[in-house]
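Got a structure here, written out as structure tokens. Questions coming.
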Amino acid sequence: MVNARTDLMQGTLELLILKTLSRDSMHGYGIAQRIRQAADDLLKIEDGSLYPALYRMEARGLITSDWGASENNRRAKFYKLTRAGRKQLDAECVNWERVSQAITRILQTA
């Protein structure tokens, strides 16, 4: 399993969060679980990585948050993508494709 704190490339966690929130608003635990499920349990997002990323992204205007009730009726902060966040997601996806293609070419040529 890859740990987001130590093993993901810088900026990748924010891309994963943006993509996850592009479908629906969710609380932090839900974001971590959705990423883990989508990656077939190969990625584990630790709280110590997730929440600082969420706070940074909110400060930059990529996401907003509101308090609400979780599935088990507990108070939770729900995060939602902003218009700026959607633009950032689109740009980051293009960049990710370019970088991953370059890395794949390098790995295949040796």
Side-chain angles (χ1 to χ4, degrees):
M1 182 179 302
V2 176
N3 183 313
R5 176 175 286 177
T6 57
D7 299 332
L8 286 178
M9 289 174 33
Q10 185 173 355
T12 306
L13 177 57
E14 288 189 10
L15 173 59
L16 296 175
I17 292 169
L18 289 171
K19 182 63 178 176
T20 301
L21 291 176
S22 71
R23 297 181 185 115
D24 200 8
S25 66
M26 13 179 55
H27 52 76
Y29 179 77
I31 294 168
Q33 289 303 101
R34 177 78 51 93
I35 291 170
R36 189 173 184 169
Q37 290 168 352
D40 293 329
D41 290 328
L42 295 173
L43 291 176
K44 181 179 182 189
I45 310 301
E46 301 286 345
D47 289 351
S49 299
L50 177 65
Y51 289 99
L54 289 169
Y55 300 146
R56 282 191 309 272
M57 294 168 71
E58 190 169 16
R60 290 178 23 227
L62 302 177
I63 60 176
T64 60
S65 65
D66 286 308
W67 289 99
S70 67
E71 303 79 31
N72 57 4
N73 216 22
R74 295 177 118 182
R75 189 168 188 248
K77 200 177 222 187
F78 283 79
Y79 297 91
K80 180 180 177 183
L81 203 60
T82 63
R83 185 174 292 158
R86 190 160 301 282
K87 266 180 85 172
Q88 182 71 22
L89 172 60
D90 292 343
E92 291 296 326
C93 285
V94 169
N95 187 54
W96 177 262
E97 284 299 318
R98 195 176 67 240
V99 169
S100 63
Q101 287 175 6
I103 291 170
T104 298
R105 286 187 195 132
I106 291 167
L107 293 175
Q108 291 175 343
T109 63

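Heavy atoms only: backbone and side chains are in, while hydrogens, waters and symmetry mates are out.
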* To do: Give, for atom NZ of K80 and atom CD1 of I63, the distance between the pair rounded to the nearest 0.5 Å.
  => 12.5 Å
* Atom pair CZ/CG of R34 and D24 - distance to nearest 0.5 Å -> 6.5 Å
* Side chain proximity check, Q88 to E14, heavy atoms < 4.5 angstrom -> no
* **Spatial distance of atom CZ (R56) from atom CG (L13) [nearest 0.5 Å]** => 7.5 Å
* So, the side chain of T82 versus the backbone of G61: is there a donor-acceptor pair under 3.5 Å, distance only? -> yes
* **Validation row: L21, M26 side chains within 4.5 angstrom (heavy atoms)** => yes
* Are any of the side-chain heavy atoms of L89 and L15 separated by less than 4.5 Å? -> yes
* Report the residues that fulfil side-chain hydrogen bond (donor to acceptor under 3.5 Å, both in side chains) with R98, sequence neighbours left out, ordered by chain and then residue number. => N95
* To do: Any ring-ring contact (aromatic ring centres under 6.0 Å, His included) involving residues 26-81? Give me the pairs, sequence neighbours left out, ordered by first then second residue.
  => H27-F78
* **side chain to side chain contact (heavy atoms under 4.5 Å, CB included) between L43 and R36, worked out** => CA-CA 5 Å; L43 291 176; R36 189 173 184 169; 5.9 Å; no
* Asked: For the atom pair CZ (R86) and CG (L18), what is the distance rounded to the nearest 0.5 Å?
  -> 9.5 Å
* **S100 side chain vs W96 backbone, donor-acceptor pair below 3.5 Å** => yes
* To do: Identify the two heavy atoms, one from R105 and one from T109, that lie closest to each other, and give their separation to 0.1 Å.
  => O-CG2, 3.0 Å
* Kindly compute the distance separating CD (Q33) from CG (D41), expressed to the nearest 0.5 Å. => 8.5 Å
* Asked: Just wondering, do L50 and I17 contact through their side chains at under 4.5 Å, heavy atoms?
  -> yes
* Asked: Between OG of S65 and CE of M57, what distance do you get to the nearest 0.5 Å?
  -> 12.0 Å
